[in-house]
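In this text the structure is predicted, and so the values were computed from the model without any measurement.
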Amino acid sequence: MQDDKNAQTYELIHEYRFTFLKEQISKLAIPTAAKVLDVGCYPPIILNFLKEKGFETYGISSQHEQMQEKNIKVLNIETERFPWKDNSFQLVVMTEVIEHLPHSPLTVLKELNRVLAPGGYMIITTPNAVKLHNRLRVLMGKSISFPVEQLLTVSPGNGSLYHLHNREYTLSELETLLVLADFEIFESRQVCLYPPTRRKVRQEPLSAQAVKWAGYLGQQLAPGFKDSLFVVARKK
C-alpha cells in the first residue's frame with residue numbers, strides 16, 4: 001500500500017512532465033506496433049501510455065524500483081548489457097534517469113544506441129543544472145546538491161547511491177554526451193516541467209506561491225533558467 005501511495009504522489013508531482021512527454025512522443029509519429037523501450041519505467045505512467053498507443057512495449061526497472069511484468073527487465077544499466085539484439089527499437093524513452101548515474105553515462109548511452117534502430121529516436125528529460133532555483137541558491141551561499149544528511153544514508157554496494165541526483169547537466173553538456181555516443185541531435189531545448197499551475201501534493205502558503213510565480217516568470221524571460229532539459233536524439 002505504501003508503494004502505491006508513493007507512486008501516486010510521484011505521479012501527481014510530475015503530472016505536467018508526463019503530459020508534456022505524451023505530447024512529444026505523439027509528435028514523432030512512430031509507426032503503430034513499433035517496438036519501444038522505457039528506461040526507468042517505474043511508475044509505469046509512460047509505459048502504460050505507450051501500450052495504449054499500440055506499441056510493442058519493453059521496459060527496464062532498477063533493483064530499488066522493481067517491476068515484475070512481462071517484457072520488463074530488472075537490471076543495473078551501468079553494469080549489465082541490455083538483453084536485446086542490435087537495432088531492436090524504434091523509440092527509447094529515458095526520463096529523469098541520467099542524473100542518477102554516478103559513473104560515465106557514455107556506457108549507458110552507447111548501449112542504448114546499440115539497441116536503437118537506425119533512424120530511431122531517443123527522448124531524454126533531466127533537471128537543468130543551471131536552472132534559476134540553483135543559481136539563486138548559489139547566490140545565497142547554499143549548495144545546489146542534495147542535503148548532506150541524505151548523503152550520510154548512502155552505503156557502499158546496496159544501491160542507495162542511485163536514489164541521489166549524482167550529476168546534473170547543462171544543455172550543452174547533454175548534447176555533447178549524446179554526440180559522443182554517436183547520436184545526432186534532432187531537438188534540444190530547456191523546458192519548464194514544474195510550473196506553478198500544476199496540482200499540488202499539499203497546499204502552499206501564499207508567500208511560497210508568489211515566489212514560485214516570480215521564478216516562473218523569470219524562466220519565461222530567460223530560457224536558460226528553466227527547470228528541465230528536453231532532448232530528442234536520433235540514431236544515425
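Considering only residues two or more places apart in sequence or on other chains, Ser62 meets the side chain to side chain contact (heavy atoms under 4.5 Å, CB included) condition with His64, Glu65. Applying the ring pair (Phe, Tyr, Trp, His ring centres under 6.0 Å) test to Tyr216 and every residue at least two apart in sequence or in another chain returns Trp213. Applying the salt bridge (Lys or Arg N to Asp or Glu O under 4.0 Å) criterion to Lys51, with sequence neighbours excluded, gives Glu69. The side chain to side chain contact (heavy atoms under 4.5 Å, CB included) test applied to Leu132 returns Leu136, Phe225, not counting sequence neighbours. Applying the ring pair (Phe, Tyr, Trp, His ring centres under 6.0 Å) test to Tyr162 and every residue at least two apart in sequence or in another chain returns nothing. Residues forming a side chain to side chain donor-acceptor pair (under 3.5 Å) with His14 (at least two apart in sequence, or on another chain): Arg17, Tyr194. For the side chain to side chain donor-acceptor pair (under 3.5 Å) test, no residue two or more places apart in sequence or in another chain qualifies with Lys22. For Pro205, the side chain to side chain contact (heavy atoms under 4.5 Å, CB included) criterion is met by Ser207, Ala208, not counting sequence neighbours. Partners of Glu78 by salt bridge (Lys or Arg N to Asp or Glu O under 4.0 Å), not counting sequence neighbours: none found.
No donor-acceptor pair under 3.5 Å is formed between the side chain of Glu80 and the backbone N or O of Ile77. Without hydrogens or angle criteria, Gln209 side chain to Pro196 main chain gives no donor-acceptor distance under 3.5 Å. Side-chain atoms of Thr19 come within 3.5 Å of backbone atoms of Glu15 as a donor-acceptor pair (strictly under, hydrogens ignored). The backbone N or O of Gly120 sits nowhere less than 3.5 Å from a side-chain atom of Gln90 that would complete a donor-acceptor pair. A donor-acceptor contact shorter than 3.5 Å is absent between the side chain of Arg81 and the backbone of Glu111.
The hydrophobic cluster containing Val138 does not contain Tyr169, counting ILVMFWY residues as joined when their side-chain heavy atoms lie under 4.5 angstrom apart, directly or transitively. By the criterion of side-chain heavy atoms lying less than 4.5 angstrom apart, applied directly or through intervening Ile, Leu, Val, Met, Phe, Trp or Tyr residues, Leu47 is not grouped with Leu75; the two fall into different hydrophobic clusters. Each of Leu91 and Val115 belongs to its own hydrophobic cluster when Ile, Leu, Val, Met, Phe, Trp and Tyr are linked at side-chain heavy-atom distances under 4.5 angstrom. Under a hydrophobic clustering in which Ile, Leu, Val, Met, Phe, Trp and Tyr are joined whenever their side-chain heavy atoms come within less than 4.5 Å, directly or via other members, Tyr42 and Leu164 fall into different clusters. Hydrophobic clustering, with ILVMFWY side chains joined whenever heavy atoms are under 4.5 angstrom apart, keeps Met122 apart from Val232.
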The test is side-chain contact (heavy atoms from CB on, under 4.5 Å); show your working for Thr153 and Ser160 and say whether it passes. CA-CA 8 Å; Thr153 67; Ser160 54; 5.9 Å; no

Run the ring-ring contact (aromatic ring centres under 6.0 Å, His included) test on Phe230 and Phe20 for me, step by step, so that the C-alpha distance in whole Å, both residues' side-chain angles and the decisive distance to 0.1 Å come before the verdict. CA-CA 10 Å; Phe230 168 71; Phe20 172 83; 5.0 Å; yes

Quick one, Arg198 with Ile13, criterion side-chain contact (heavy atoms from CB on, under 4.5 Å). Give me CA distance, side-chain angles, the key distance, then yes/no. CA-CA 8 Å; Arg198 63 194 173 97; Ile13 292 172; 4.0 Å; yes

Could you go through Arg234 and Glu184, starting from their C-alpha distance and side-chain angles, then the distance that decides it, and tell me whether this counts as salt bridge (Lys or Arg N to Asp or Glu O under 4.0 Å)? CA-CA 5 Å; Arg234 186 162 53 186; Glu184 60 182 9; 3.1 Å; yes

For Val36 and Val93, run side-chain contact (heavy atoms from CB on, under 4.5 Å): C-alpha distance rounded to whole Å, both residues' side-chain angles, the deciding distance at 0.1 Å, then the answer. CA-CA 8 Å; Val36 301; Val93 179; over 6 Å; no

Given Ile124 and Leu109, is the side-chain contact (heavy atoms from CB on, under 4.5 Å) satisfied, shown in steps? CA-CA 11 Å; Ile124 292 181; Leu109 294 176; 4.2 Å; yes

Apply salt bridge (Lys or Arg N to Asp or Glu O under 4.0 Å) to residues Lys110 and Asp182 and explain how you reach the verdict. CA-CA 8 Å; Lys110 288 179 178 179; Asp182 208 26; over 6 Å; no

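From Leu177, atom CG reaches atom CD of Glu175 across 10.5 Å, with rounding to the nearest 0.5 Å. Interatomic distance, CD1 of Ile72 versus CE of Met67, reported as 3.5 Å (0.5 Å rounding). Here the CG atom belonging to Leu21 is positioned 9.5 Å from the CG atom belonging to Asp38, to the nearest 0.5 angstrom. Rounded to the nearest 0.5 Å, atoms OG1 (Thr176) and CG (Leu106) are 10.5 Å apart. For the atom pair Glu187 CD and Leu28 CG, the distance stands at 8.0 Å (nearest 0.5 Å). To the nearest 0.5 Å, the span separating CG on Leu50 from CD1 on Ile45 amounts to 11.5 Å.
For residues 122-132, the set of pairs meeting the side chain to side chain donor-acceptor pair (under 3.5 Å) definition, not counting sequence neighbours, comprises Thr95-Thr125, Glu96-Thr125, Glu99-Thr126. Among residues at least two apart or in separate chains, ring-ring contact (aromatic ring centres under 6.0 Å, His included) pairs with a member in residues 110-159 are Tyr121-Phe186.
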Pairs of donor and acceptor atoms involving the side chains of residues 53-60, under 3.5 Å and at least two apart or interchain, shall be tabulated with distances.
from	atom 1	to	atom 2	distance (Å)
Lys53	NZ	Ser26	OG	3.3
Glu56	OE2	Tyr58	OH	2.5

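Within 6.0 Å of atom NZ in Lys70, 12 or fewer heavy atoms from other residues, nucleotides or ligands are found, so the atom counts as exposed in its surroundings. Crowding of Tyr16 atom OH: a count of heavy atoms from other residues, nucleotides or ligands under 6.0 Å not exceeding 12.
The nearest pair of heavy atoms linking Cys192 to Gln219 is SG-OE1, 3.4 Å. When all heavy atoms are compared, the tightest approach of Ala129 to Ile144 is O-CD1, 4.3 Å. Heavy-atom minimum distance, Gln66 versus Val74: CG-CG1, 3.7 Å. Taking each heavy atom of Leu116 and Asn87 in turn, the nearest pair found is O-OD1, 3.5 Å.
Thr79 places none of its side-chain heavy atoms less than 4.5 Å from the side chain of Thr107. At a threshold of 4.5 Å between non-hydrogen side-chain atoms, the residues Leu37 and Leu112 count as touching. The shortest distance between side-chain heavy atoms of Leu174 and Ile98 falls below 4.5 Å. Lys35 places none of its side-chain heavy atoms less than 4.5 Å from the side chain of Trp84. You'll find the side chain of Glu168 stays beyond 4.5 Å of the side chain of Leu229, heavy atoms only.
Arg167 pairs in a side chain to side chain donor-acceptor pair (under 3.5 Å) with only one of the listed residues (Glu173, His103, His100), which is Glu173.
Inspection of the Ser172 and Thr170 side chains reveals an N or O donor paired with an N or O acceptor under 3.5 Å.
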